[in-house]
Amino acid sequence: MEVKARAPGKIILSGEHAVVHGSTAVASSIDLYTYVSLRFPTPSDNDDALRLQLKDVGLEFSWPIGRIKEALSEKDIPNSSVPTSCSIESLRSLAALVDELKIPEAKIGLGAGVLAFLWLYSSIQGYKPATVVITSELPLGSGLGSSAALCVALSAALLSFSDSVNLDLSHQGWLTFGESELELLNKWAFEGEKIIHGKPSGIDNTVATYGNMIKFKSGSLTRIKTNMTLKMLITNTKVGRNTKALVAGVSERTLRHPEAMASVFSAVDSISTELATIIQSPAPDDLSLTEKESKIEELMEMNQGLLQCMGVSHASIETVLRTTLKYKLASKLTGAGGGGCVLTLLPTLLSGTVVDKVTSELESCGFHCLTAAIGGNGVEICFGDSS
């Protein structure tokens, strides 16, 4: 039998960087997904390897199961019901396996994801041969939560063939997990994220697991539900950035200007709180929806101005802002800044012609544009045909 899992990407609607300094942030899922399919061989296949296919980058890896078992010889018997952190010893052993793959220099960043894959697979399923195929609608390394979507979808696929979850294998179409199962899945995904990022906040994997939106403040995550259908144009500037350096830059500016930056962070907190209130309030008619979208546009513009105060904008981001402003559209960076992606709210009454024009102009600058609805479902799985 084959199982397919999908998990959504995420955007930060408000509060990036300021959240590190105690402000509220609001994050949302988007309807762009990472897909993981898992298939175990039949006895007649006579296959004793774990195979990983990364379709989008055209790479395929395989390991003899005995080699993985040997690398993790000090590991206890796998227990899918107890999320386990990867020890330094296990990380070194798995890193040696990844080094042997000779991943092309241009794609070396994939190595951490392969490490997380090996740990999650061996921890949840143990030492069984299988083929895992990964595809994604999310651009890598652009701040849209691609690594978390991978860890969540992978954990979902692996857990669906374990004793830790109870699923209807005969169900047709996409299927969601129960609340306690989602909690377990989210914890496993977080262990994968730790391998990839070191000290992740947990925002990305939580959004990918549960979907919809979350508020995050001082380490506390609160799930919230939107009563609006919001659409965003997401512009990938394709400019890479160093997240750690950008975070450090904001901290250094805060040390130089403590009072001014405290006011900036306080303003961001107010914006995030108001934004969360708006998106949770009912929108019974087009007029009130339009009014709410106008308020959200203003809050996005204010948040972007404060991000510029923090010093995390970039020439590419400013180009997107100028371009969308010509069409009277509100935009802000999402994530670390310094490049990456920019969000532009697409109001409900906006014509498709305007969307086409702004997209064409942005792509003529060398950017890549995606349209996404926000606040949708979290992780889902499907047995057999998912069409």
Side-chain angles (χ1 to χ4, degrees), residues 10-30 143-145 201 203-204 206-207 212-228 230-235 246-247 249-251 253-254 257-283 288-314 317-318 320-321 324-325 328-338 340-347 374-375:
K10 74 91 180 57
I11 53 173
I12 303 289
L13 280 168
S14 175
E16 50 269 92
H17 284 290
V19 71
V20 178
H21 299 271
S23 299
T24 304
V26 178
S28 171
S29 62
I30 53 177
L144 298 182
S201 66
I203 292 177
D204 289 16
T206 301
V207 171
N212 228 292
M213 299 186 183
I214 62 167
K215 278 200 304 185
F216 180 79
K217 183 172 185 176
S218 302
S220 175
L221 292 170
T222 306
R223 288 158 55 194
I224 60 177
K225 188 170 178 60
T226 176
N227 291 305
M228 301 175 66
L230 291 175
K231 270 200 162 184
M232 292 282 177
L233 181 68
I234 303 174
T235 302
L246 288 159
V247 171
V250 175
S251 295
R253 187 170 287 207
T254 303
H257 311 285
E259 289 187 19
M261 290 296 282
S263 298
V264 169
F265 299 142
S266 176
V268 172
D269 186 74
S270 298
I271 288 168
S272 294
T273 302
E274 184 178 348
L275 182 66
T277 301
I278 291 170
I279 61 181
Q280 289 180 95
S281 62
S288 58
L289 177 60
T290 301
E291 289 171 349
K292 287 166 73 171
E293 287 177 340
S294 295
K295 287 183 178 180
I296 291 171
E297 285 181 320
E298 289 178 343
L299 292 170
M300 286 175 64
E301 288 176 337
M302 285 189 273
N303 195 177
Q304 175 60 30
L306 293 166
L307 287 160
Q308 288 165 328
C309 290
M310 295 179 214
V312 295
S313 193
H314 184 271
I317 294 171
E318 298 300 321
V320 178
L321 296 175
T324 57
L325 189 58
K328 298 186 170 70
L329 298 173
S331 302
K332 68 171 284 290
L333 67 84
T334 184
C341 289
V342 180
L343 305 178
T344 304
L345 182 66
L346 300 177
I374 70 170

Going by heavy atoms in the side chains, are [X] and [Y] under 4.5 Å from each other?
X: M310; Y: F265; result: yes
X: I374; Y: M213; result: yes
X: E293; Y: M228; result: yes
X: V342; Y: T334; result: no
X: L144; Y: I11; result: yes

Atom [atom1] of [X] and atom [atom2] of [Y]: how far apart are they, to the nearest 0.5 Å?
X: H21; Y: T254; atom1: NE2; atom2: OG1; value: 4.5 Å
X: I30; Y: M232; atom1: CD1; atom2: CE; value: 10.5 Å
X: L230; Y: L13; atom1: CG; atom2: CG; value: 7.5 Å
X: M300; Y: L307; atom1: CE; atom2: CG; value: 11.0 Å
X: S313; Y: E318; atom1: OG; atom2: CD; value: 3.5 Å
X: L329; Y: T344; atom1: CG; atom2: OG1; value: 6.5 Å

Only residue of E301, Q304, E16, Q308 satisfying side chain to side chain donor-acceptor pair (under 3.5 Å) with K332 is E16

Pair T324-V320, side chain to side chain contact (heavy atoms under 4.5 Å, CB included): steps then yes or no: CA-CA 6 Å; T324 57; V320 178; 4.3 Å; yes

I'd like to know whether L233 forms a side chain to side chain contact (heavy atoms under 4.5 Å, CB included) with L345, so could you lay out the CA-CA distance, the side-chain angles of the two residues, the decisive distance to 0.1 Å, and finally the verdict. CA-CA 6 Å; L233 181 68; L345 182 66; over 6 Å; no

Any idea which heavy atoms bring [X] and [Y] closest together, and the distance?
X: S14; Y: I271; value: OG-CG2, 3.6 Å
X: I12; Y: A27; value: CD1-CB, 3.9 Å
X: S23; Y: S266; value: OG-N, 4.5 Å
X: I214; Y: I224; value: N-CG1, 4.1 Å
X: L246; Y: A336; value: CD1-O, 3.6 Å
X: V268; Y: G15; value: CG1-CA, 3.6 Å

Using distance alone, with no hydrogens and no angle criterion, decide if T226 and Q280 have a side-chain donor and acceptor under 3.5 Å apart. no

Side-chain H-bond candidate by donor/acceptor type, K292 with S281, under 3.5 Å: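 S281 and K292 do have a side-chain donor-acceptor pair below 3.5 Å.
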
Name of the residue among T24, T222, V19 meeting side chain to side chain contact (heavy atoms under 4.5 Å, CB included) with F216: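 So the option named by the test is V19.
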
Does [X] reach the main-chain N or O of [Y] with its side chain, forming a donor-acceptor pair under 3.5 Å?
X: R253; Y: C309; value: yes
X: S28; Y: G375; value: yes
X: S29; Y: N212; value: yes

Given L299 and E274, is the side chain to side chain contact (heavy atoms under 4.5 Å, CB included) satisfied, shown in steps? CA-CA 8 Å; L299 292 170; E274 184 178 348; 3.6 Å; yes

Check this for me: does any side-chain nitrogen of one of K328 and E297 sit under 4.0 Å from a carboxylate oxygen of the other?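 Salt bridge between K328 and E297, a charged N being under 4.0 Å from a carboxylate O: no.
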
Working note: V250 + V312, criterion side chain to side chain contact (heavy atoms under 4.5 Å, CB included); need CA distance, chi angles, decisive distance, verdict. CA-CA 8 Å; V250 175; V312 295; 3.5 Å; yes

